[in-house]
Amino acid sequence: MRTLGRLRRLKTTLVPEFHGWCKLQASHAAGKQLPRIYVTRRIPPDGMKILSQSGLCNIEQWDSDEPVPRSELLEKVAGIRGLYCLLTEKIDAEVLDAAGPSLQVVSTMSVGYDHVSLEELKKRGIRLGYTPDVLTEAVAELTVALLLATSRRLLEAVDEAKNGGWGTWKPLWMCGYGLTDSTVGILGLGRIGAAVTARLKPFGVKRFLYADTVPRPDMAAKIPAEFVPLDELARHSDFIVVCCALTPETQGICGNSLFSLMKDTAIFINTSRGGVVNQEDLYQALVNGQIAAAGLDVTEPEPLPTDHPLFKLKNCVILPHIASATVATRNAMAALAASNLLAGLQGKAMGKEVPL
Ligand SMILES: O=CC(=O)O
């Protein structure tokens with residue numbers, strides 16, 4: 001009886017520590033040294049389950065909700081075969097050199113891969129997995145929520161109600177801008193941009209415009225949306241929604257040249273990457289009334305320091321990069337990143353791989 005009790009205790013202490021348990025099981029199963037992988041954070045359970053039950057790898061993990069310190073990352077990647085990372089880790093020549101020639105695959109639990117140096121991966125013949133599609137709906141939903149919160153001044157209104165600013169019903173008070181009969185401009189018409197338009201359509205949007213590096217006729221025809229140059233998008237849109245990836249071409253693309261062309265009643269929304277926006281220019285545009293308001297789920301840097309001037313503006317709504325943050329979506333991202341990694345380790349086709 002006592003032995004059984006001890007065994008039970010042992011089991012419950014081993015099971016929650018997935019990586020320790022996995023190492024034990026995987027080594028027995030293979031009877032030889034399995035490839036080592038490093039997971040840079042505590043990740044959602046569906047992803048960890050796939051890795052730990054695969055029997056294909058020995059897992060080491062930075063078992064914390066906070067990012068792995070750079071020095072720890074550089075030390076721990078030495079000799080690994082696979083790296084499971086998040087958008088918070090810069091995967092550059094330094095990390096890849098620290099990993100050494102054994103590294104075959106990097107798998108990021110994100111749709112964006114601007115934190116990974118594609119050039120350095122390519123040079124070394126390392127493959128890259130990522131997690132598009134599984135987060136499209138969640139990101140589009142949050143984008144619409146942020147748009148409405150910003151255009152209808154929800155946070156400001158809640159503050160007023162709580163803090164005594166709600167004197168009586170006033171015809172001119174707390175007025176914002178609605179979507180009915182509006183023109184919405186999408187910057188970057190990919191999967192997420194299209195999903196945003198689908199969710200906005202029922203609000204009575206009159207016209208969808210989009211700007212992109214190239215026209216996307218098939219996607220645009222379904223909406224329908226008109227391809228226009230960026231300056232035209234700026235001039236005609238009542239709402240601009242940024243959904244493009246951060247690349248050298250899109251870095252800082254939303255700056256004074258865009259804001260100065262926008263309507264002073266227009267709303268600017270960004271759920272892609274903070275680096276797409278020149279924040280100093282955005283601040284000036286908001287303070288000077290060049291545009292009506294901005295809603296940002298992403299900033300540069302992240303987290304945005306709490307004393308940043310943008311936090312002081314009533315017409316700027318800032319969220320802490322939560323667009324894909326539903327339980328189901330984060331589990332799906334973790335699972336896809338895990339199976340991408342395992343496929344890469346085995347030299348098989350990944351579910352979602354970035355062509356290099
Ligand atoms: O921003 C989130 C992601 O790239 O998945």
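Hydrogens, waters and symmetry mates play no part in the numbers below; they use all other heavy atoms, side chains included. Please read all numbers here as calculations on a predicted model, not as lab measurements. In each ligand, atom 1 is the first atom listed, and ligand 1 is the first ligand listed.
Between E226 and R207 a salt bridge is recorded (basic side-chain N to carboxylate O distance below 4.0 Å). Under the 4.0 Å criterion applied to side-chain N and carboxylate O atoms, R70 and E94 are assigned as salt-bridge partners. Ion pairing of D212 with R216 is present here, as a side-chain N (NZ or NE/NH1/NH2) and a carboxylate O approach within less than 4.0 Å.
Taking a 4.0 Å cut-off on heavy atoms, M109 fails to register as neighbouring ligand 1.
Close approach to H321 involves these atoms of ligand 1, each under 4.0 Å from a residue heavy atom: 1 (O), 2 (C). Residue G112 has at least one heavy-atom neighbour below 4.0 Å for each of these atoms of ligand 1: 3 (C), 4 (O). Near R273, meaning under 4.0 Å from any of its heavy atoms, are these atoms of ligand 1: 1 (O), 2 (C), 3 (C), 4 (O). The L135 neighbourhood of ligand 1 comprises atoms 5 (O), with distances under 4.0 Å to a heavy atom of that residue. Residue M333 approaches ligand 1 through these ligand atoms, each under 4.0 Å from one of its heavy atoms: 5 (O).
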Next item on the list: Would you sort out whether Y84 and Y38 count as a ring pair (Phe, Tyr, Trp, His ring centres under 6.0 Å), showing the intermediate values?
Entry: CA-CA 6 Å; Y84 186 117; Y38 189 63; over 10 Å; no
Check: Yes or no on ring pair (Phe, Tyr, Trp, His ring centres under 6.0 Å) for F239 and Y177, after CA distance, side-chain angles and deciding distance?
Finding: CA-CA 9 Å; F239 298 85; Y177 298 94; 8.0 Å; no
Item checked: From CA spacing to verdict: side chain to side chain donor-acceptor pair (under 3.5 Å), T108, H115 -> CA-CA 9 Å; T108 182; H115 55 297; 2.9 Å; yes
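Residue-level proximity to ligand 1 for V139 is absent, since no heavy atom of it falls below 4.0 angstrom.
Annotation: atom 5 (O) of ligand 1 to nearest protein heavy atom, V111 N, 2.9 Å.
Comparing L87, I192, L246 by heavy-atom distance to atom 2 (C) of ligand 1, the nearest is L87.
In the model, T143 has a side-chain atom that pairs as donor or acceptor with a side-chain atom of T271 under 3.5 Å.
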